[in-house]
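Written below as structure tokens is the structure these notes are about.
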Amino acid sequence: MSSTVTVRPAKGVGVIGLLSVIAGIVMIIAGGVTWGVVSSQLSAEDITVSDDASFLAGAHVSGPFSAYAQAEVINKHALEMSDGQTYAELPQDDERRATVMNASFLRASLFTSVVAFGVAALVIGLGIMFILIGIALRKIASGPAVAVETPGGYTSGGGLSSAAPPAHTPAHAAPAAPVTPAPTTPTTPAPTTPAPTTPPVTPPTRTSTHTAPVEEPKSPGVPPTGTDTPPATPPTEGTPPR
């Protein structure tokens, strides 16, 4: 028969959701503070993107894109002055070596600010994601318990059980009338016929080899059988009897 299973939210889900929301808020604040500090420091330098930049020409450097544009322009000017040679490729007694070195330091500082802007943006994005996950967990924890009815013909593994499914009886069906057993009449056993008996078999008797032969009745003119006496011959004339 079918059974009802009540599914309740796991314990501690609400606490984990609350901690996730708090962590998201902290990460958003930290990322925003980092972004603001780097931007204010760049603005305090009062740097303007050169007019010959490939993009954002004449813009005030205060963000990641303007800082990257100015770094590319500095590298372009340094290579033009050194005839395409970097700081490491210039000879040590070359006067242009100091200028190229300063250009490399400026580019590295601007690229460091670009990386700082990227990390701040990443932290802010993770903070938003943590807040959304925490809100979802809080909603799951505050939800009501769900009752799930499982059919009796299925096992816990998902397959059909060997037993046949129970028949569903209507809720308002009338009670079945009691069944009265039919009277039984005594039955007379059928007469049994005795099995035929066979007469006992008498085992044959063995006769001894030394038993005397039975003499058959003598008939006139026929010698008895079983003797070694030759037949008598009638006497002939002129021969004396023996």
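Treat the numbers as computed from the prediction; the structure is a model and nothing was measured.
- Within 6.0 Å of atom CD in Glu80, more than 12 heavy atoms from other residues, nucleotides or ligands are found, so the atom counts as buried in its surroundings.
- Checked against the 6.0 Å centroid criterion, the rings of Tyr68 and Phe111 qualify as a close aromatic pair.
- Judged by distance alone, with hydrogens and angles left aside, the side-chain atoms of Ser43 form no donor-acceptor pair with the main-chain N or O of Ser62 at under 3.5 Å.
- Annotation: side chain of Met81 is in contact with side chain of Thr99 (closest heavy-atom distance under 4.5 Å).
- When atom types are taken as modelled, the side chain of Arg138 and the backbone of Gly17 share no donor-acceptor pair closer than 3.5 angstrom.
- Counting heavy-atom neighbours within 6.0 Å of Phe55 CZ, excluding the residue itself, gives a total above 12.
- Checked options Ile22, Ile28, Leu126; the residue passing with Ile131 is Ile28 (criterion: side chain to side chain contact (heavy atoms under 4.5 Å, CB included)).
- The shortest heavy-atom contact between Ala69 and Leu56 is CB-CB, 4.5 Å.
- With hydrogens and angles disregarded, no donor-acceptor distance shorter than 3.5 Å links the side chain of Ser20 to the backbone of Ile16.
- Proximity of Ile124 to Met27: side-chain heavy atoms (C-beta onward) are nowhere separated by under 4.5 Å.
- Proximity of a side-chain donor or acceptor of Ser82 to a complementary backbone N or O of Ala78 within less than 3.5 Å is detected.
- Side-chain contact check for His60 versus Ser66: every heavy-atom pair is 4.5 Å or farther apart.
- A heavy-atom distance below 4.5 Å is found between the side chains of Asp83 and Arg96.
- The backbone N or O of Leu79 sits nowhere less than 3.5 Å from a side-chain atom of Gln85 that would complete a donor-acceptor pair.
- For the pair Val73 and Asp52, the minimum side-chain heavy-atom distance is below 4.5 Å.
- Linking ILVMFWY residues whenever their side-chain heavy atoms come closer than 4.5 Å, directly or via other members, places Ile128 and Ile29 in the same cluster.
- Side-chain heavy-atom separations under 4.5 angstrom define the hydrophobic clusters, and the remaining members of the one that includes Leu19 are Val15.
- Side-chain contact between Phe130 and Val21: absent, with no pair of heavy atoms (C-beta onward) separated by less than 4.5 Å.
- With rounding to the nearest 0.5 angstrom, the CZ atom of Arg97 is 12.0 Å from the CG atom of Asn102.
- Note that OG of Ser113 is 4.5 Å distant from CG of Leu42, once rounded to the nearest 0.5 Å.
- Here the CD-OG distance, from Glu45 to Ser109, works out to 9.0 Å after rounding to the nearest 0.5 Å.
- Between the side chain of Ser40 and the backbone N or O of Val37 there is at least one donor-acceptor pair closer than 3.5 Å.
- With contacts defined as side-chain heavy-atom distances shorter than 4.5 Å, the pair Thr86/Glu89 qualifies.
- Counting heavy atoms from C-beta outward, Ile74 and Leu110 have side chains that approach closer than 4.5 Å.
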